[in-house]
Amino acid sequence: VASRSWWASSSDNGAGSRRGDTSAAPRGDSLSRAYANRAALARAARTATASRAKSMFQSAIDLDPSLRAAYSGLAATNFYEYILGVASPQVLVQPAFEAARKALEIDANDPEAIVALARAYQLEGKHTEAIPYLEAAIALNPSLAQGCYNLGAALTFSGRGQEAIPHLESAIRLSPRDPWTAHFMARLSEAHLFAGRLEDAVAWGRKARSQSGPWAWTARLGLVSALGHLGRLDEARTALEEMKGKRPDVSLTFMRKHFP
């Protein structure tokens, strides 16, 4: 229940705005103020969602301290609090590791618990260290789409885009209707970008953009960059404005701080 609440509440716009709202961004003197107000509302909604998810996972642990999945979920919540800019990594890294390691104490061969530990390393920005854990999780369960996705992401952010591509393709194939489909496609776009395959990066970026789901604003990241590298600046600006419409506070500073 906590997992489903987390996904359902963390919609693209983050602040209870209508799904699919494509109204134009405000213009003129009100632009900065409107973006700031939307960002503040979105931040409040994300904080409330994260707090609720953590509370529900902790309640499950209190009811059954041997419930491995609750510890894995608690570790994942810390990871996404960082991604969403709810809290700093200094606050979240230790509890993420503690929850993941507790899950592994209960079942050392559980693939989801191993993925939870790998995500804790990714929370620190240690993508290379996460890779062997993700490989181990996939060896235990080759059908684990989240394992394939996180391995593809870790390889991509380690500068190994070409190696990441088949793992991200596997994630899409294994779970084509996954709530994370936009993210699977977005990371695939970035993998092609890092591999120098710019047209493929644009194609997958556009596919990612067409998806809905939690935090689908990230689907535009590879698309904006690939279009810029190709010199298609008008298209890049349009994609960037779309992204800021979904996440008004996005900026280079935000990305460096809140995207491991």
Side-chain angles (χ1 to χ4, degrees), residues 7 10-14 19-25 80 83-84 119 122 127 130-131 134-135 138 142-248 250-252 254-256 258-260:
W7 306 137
S10 299
S11 63
D12 293 351
N13 295 312
R19 182 173 295 276
D21 181 11
T22 57
S23 57
Y80 293 116
I83 293 293
L84 292 168
R119 280 176 167 166
Q122 290 178 292
H127 301 286
I131 289 171
L134 294 164
E135 291 174 334
I138 293 170
S143 297
L144 187 61
Q146 280 291 327
C148 293
Y149 164 71
N150 280 281
L151 177 56
L155 288 166
T156 297
F157 298 143
S158 297
R160 297 160 62 181
Q162 190 63 48
E163 295 175 63
I165 290 170
H167 297 291
L168 294 165
E169 289 175 338
S170 292
I172 295 170
R173 175 179 54 80
L174 289 167
S175 188
R177 295 179 178 84
D178 200 282
W180 281 79
T181 297
H183 297 269
F184 295 172
M185 293 180 175
R187 297 298 84 76
L188 184 53
S189 172
E190 291 161 8
H192 282 292
L193 174 68
F194 291 177
R197 303 163 63 94
L198 299 180
E199 292 292 352
D200 288 328
V202 169
W204 279 107
R206 293 196 189 284
K207 290 180 181 179
R209 186 177 61 177
S210 70
Q211 300 293 318
S212 61
W215 321 307
W217 64 271
T218 63
R220 278 99 172 151
L221 293 172
L223 177 61
V224 170
S225 183
L227 288 169
H229 281 292
L230 286 167
R232 292 155 62 176
L233 300 185
D234 288 342
E235 294 176 75
R237 290 188 189 97
T238 298
L240 180 60
E241 286 302 311
E242 288 176 358
M243 183 165 64
K244 290 181 73 69
K246 297 290 186 182
R247 183 66 188 253
V250 69
S251 65
L252 288 175
F254 173 88
M255 295 303 297
R256 292 188 181 107
H258 293 294
F259 227 70

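Counting begins at 1 with the first residue of the sequence.
Considering every non-hydrogen atom in both Ser189 and Ala201, the closest pair reads OG-O, 2.7 Å. Looking at every heavy atom in both residues, Ser225 comes nearest to Leu193 through OG-CD2, 3.5 Å. In plain terms, the two heavy atoms of Ala236 and Gly228 that are nearest each other are CB-N, 4.0 Å. The heavy-atom pair separating Gly161 from Ala195 by the smallest distance is C-CB, 4.3 Å.
Of the inter-residue distances, the one linking Phe184 atom CZ with Ser175 atom OG reads 5.5 Å to the nearest 0.5 angstrom. In this structure, CE on Met185 lies 6.5 Å from OG on Ser210, to the nearest 0.5 angstrom. Distance CD1/Ile138 to CG/Leu174: 9.0 Å, rounded to 0.5 Å. Once rounded to the nearest 0.5 Å, the distance linking CD of Glu242 with CZ of Arg220 reads 5.5 Å.
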Kindly list each side-chain donor-acceptor pair under 3.5 angstrom involving residues 162-171, sequence neighbours excluded, with atom names and distances?
from, atom 1, to, atom 2, distance (Å)
Glu163, OE1, Arg160, NE, 3.4
Glu163, OE1, Arg160, NH2, 2.8
Glu163, OE2, Arg160, NE, 3.0
Ser170, OG, Pro166, O, 3.0

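Between His183 and Tyr149, the ring planes are perpendicular. Angles over 60° get that label, and only those under 30° would be called parallel.
A donor-acceptor distance shorter than 3.5 angstrom exists from the side chain of Thr181 to the backbone of Asp178, with no hydrogens or angles considered.
Between Glu190 and Arg187, at least one side-chain nitrogen of the basic residue sits less than 4.0 Å from a carboxylate oxygen of the acidic one, meeting the salt-bridge criterion.
Taking the side chain as every heavy atom from C-beta outward, Arg197 and Trp204 never approach each other to under 4.5 Å.
Residues meeting the side chain to side chain contact (heavy atoms under 4.5 Å, CB included) test with Ala154, sequence neighbours left out: Gln122, His127, Ile131, Leu134. Applying the salt bridge (Lys or Arg N to Asp or Glu O under 4.0 Å) test to Arg232 and every residue at least two apart in sequence or in another chain returns Glu199, Glu235.
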